[in-house]
Participant: 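Here it is, the structure in full.
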Amino acid sequence: MEEPERYREFAPPEALKPWVRVIWTYAAPRPSRTVQRIAPDGCPELVIDVGAPYEELHDDGVFRLQPSRLFAGQMTRPLAIRPVGSVELVAVRFEPDGARDWLGAPLVSATDRRLDVTDRLADLSVPAGDPEGQAAAVADWLETQRRQGGWRVEPDVRAEIAAIRAERPTPTRSPAEQRALQRRFLDRAGVSSRALRSVLRFRGVFDHALVGDTAGWLEAGLAAGYFDQPQMARDFRRFLGCTATEWAREQVELARALATESYKTTDGAIF
């Protein structure tokens, strides 16, 4: 019997938790050719395709095959992809500021880009058909990268991200202090603190919504921090390129799994 579509999340080892939010796996043996809209989520990701890579819609209107191993920087606009064959992948969702030292360059250099990192991952072997084994292999490889790279967390940037997540106002700073923090924030997180706040508020809509319940989007938006429906509608256009109703009606497979299952507290295995 053919395997069904599956999505799994795994908590990272303790040593990686300051940098890695979750490791997730996804498989769809017979995906549709539907174009799927992926919204910004505030987190850069490392994606390893075990099956066929997706095609990505580019600004010139042409779909092109993504690299089989890619680093996706912070997103400020929607991403449109479609499968071309049997899908199986494993991905690392970093903390908003967690990928800077792995990338080895200012994270803003990767914003709204998908970078080919095939050569960087040449020594990483990921087993097919084994979500637990895939996540464990990636976790072990990342831990080696962390030890060799001397990864660090910048306290001021991490504190700013914590305030954004908690929907707290940021502390009062002098103009010089604020400019210095803005530069460090772009370097470590890839977007401004204001942009990250907008993305995380939008992401919160999906934590409160039941996908398919089109009448419940307004309540979900209010719970996520929006003042009214027009304000939320503008962000749907900005971050997904469609209305909430259109998204709920159209999205399937990976796009729906990422919106409805992830970015919440994981109860997956810890390595």
Side-chain angles (χ1 to χ4, degrees), residues 1-34 36-39 41-56 65-72 75 79 81-95 98-99 102 114-118 120-147 203 206-207 211 251-271:
M1 183 178 295
E2 186 176 277
E3 281 189 42
E5 177 186 6
R6 61 166 168 77
Y7 176 87
R8 297 279 305 277
E9 290 191 351
F10 301 88
E14 287 295 325
L16 287 173
K17 283 187 175 181
W19 298 275
V20 175
R21 188 167 179 79
V22 73
I23 299 171
W24 57 271
T25 68
Y26 176 78
R30 293 178 62 85
S32 68
R33 287 279 291 171
T34 303
Q36 301 176 34
R37 304 174 197 257
I38 308 296
D41 56 52
C43 297
E45 294 194 306
L46 182 63
V47 181
I48 300 106
D49 281 293
V50 181
Y54 283 85
E55 288 182 326
E56 177 181 339
L65 203 63
Q66 291 183 329
S68 60
R69 300 187 174 198
L70 64 86
F71 177 79
M75 292 166 53
L79 168 68
I81 58 174
R82 67 185 181 192
V84 298
S86 178
V87 174
E88 185 175 8
L89 56 85
V90 56
V92 177
R93 181 172 303 124
F94 290 96
E95 293 291 345
W102 181 85
R114 265 63 62 193
L115 307 179
D116 187 341
V117 293
T118 303
R120 287 280 306 273
L121 276 67
D123 60 343
L124 172 60
S125 178
V126 180
D130 178 7
E132 290 84 1
Q134 291 168 351
V138 170
D140 289 345
W141 183 84
L142 278 175
E143 174 57 14
T144 299
Q145 295 279 303
R146 182 194 69 81
R147 292 197 306 268
R203 172 58 241 172
F206 298 95
D207 293 339
V211 174
Q251 295 315 295
V252 296
E253 299 165 357
L254 179 60
R256 182 160 296 208
L258 290 179
T260 59
E261 300 296 334
S262 60
Y263 316 116
K264 303 174 185 178
T265 301
T266 181
D267 58 359
I270 299 177
F271 303 104

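Atom set for the values below is all heavy atoms of this structure, side chains included, hydrogens, waters and symmetry mates excluded.
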Participant: Using side chain to side chain donor-acceptor pair (under 3.5 Å) as the criterion, list what pairs up with Asp130, not counting sequence neighbours.
Facilitator: none
Participant: Quick one: list whatever passes side-chain contact (heavy atoms from CB on, under 4.5 Å) with Ala52, sequence neighbours left out.
Facilitator: Val84
Participant: Shortest non-hydrogen contact from Ser86 to Pro31?
Facilitator: CA-CD, 4.2 Å
Participant: About how many Å separate CD of Glu143 and CG of Leu16, when rounded to the nearest 0.5 Å?
Facilitator: 5.0 Å
Participant: Residues two or more places apart in sequence or in another chain: which of them pass side-chain contact (heavy atoms from CB on, under 4.5 Å) with Ala99?
Facilitator: Pro44, Phe71, Phe94, Leu107
Participant: With sequence neighbours excluded, what pairs up with Glu5 under the side-chain contact (heavy atoms from CB on, under 4.5 Å) test?
Facilitator: Tyr26, Ala28, Glu253
Participant: Run the salt-bridge test on Glu45 and Arg114 with the 4.0 Å N-O cut-off and return the result as yes or no.
Facilitator: no
Participant: Could you tell me if the side chain of Gln134 sits less than 4.5 Å from the side chain of Phe10, heavy atoms only?
Facilitator: no
Participant: What I'd like to find out is whether the side chain of Glu56 reaches to under 4.5 Å of the side chain of Leu79, using heavy atoms alone.
Facilitator: yes
Participant: For the backbone of Gly129 and the side chain of Glu88, can you confirm whether one donor and one acceptor N or O come within less than 3.5 Å of each other?
Facilitator: yes
Participant: Looking at Val50, Thr25, Asp49, which one forms a side chain to side chain contact (heavy atoms under 4.5 Å, CB included) with Val126?
Facilitator: Val50
Participant: Could you pull out the closest heavy-atom pair between Tyr7 and Arg93, with the gap in Å?
Facilitator: OH-NH2, 3.9 Å
Participant: For Thr118, give me all partners under side chain to side chain donor-acceptor pair (under 3.5 Å), at least two apart in sequence or on another chain.
Facilitator: Asp116
Participant: Check Pro83 against Val87 and note the closest heavy-atom contact, atom names and distance.
Facilitator: CB-CG2, 3.8 Å
Participant: Looking only at non-hydrogen atoms, find the nearest pair between Arg146 and Ala15 and report the distance.
Facilitator: CD-O, 3.5 Å
Participant: Return the set of residues passing side chain to side chain donor-acceptor pair (under 3.5 Å) with Arg69 (not counting sequence neighbours), or none when no residue passes.
Facilitator: none
Participant: Less than 4.5 Å apart, any side-chain heavy atom of Leu46 and any of Trp102?
Facilitator: yes
Participant: Does the side chain of Pro131 come within less than 4.5 Å of Arg6's, by heavy atoms?
Facilitator: yes
Participant: Listed by chain and number, what are the side chain to side chain donor-acceptor pair (under 3.5 Å) partners of Trp19, not counting sequence neighbours?
Facilitator: none
Participant: What are the two closest non-hydrogen atoms of Pro53 and Leu65, and how far apart are they?
Facilitator: O-CD1, 3.7 Å
Participant: How far apart are the closest heavy atoms of Val20 and Pro12, and which atoms are they?
Facilitator: O-CG, 3.3 Å
Participant: Which residues pass the side-chain contact (heavy atoms from CB on, under 4.5 Å) test with Arg82, not counting sequence neighbours?
Facilitator: Arg33, Val35, Glu55, Phe63
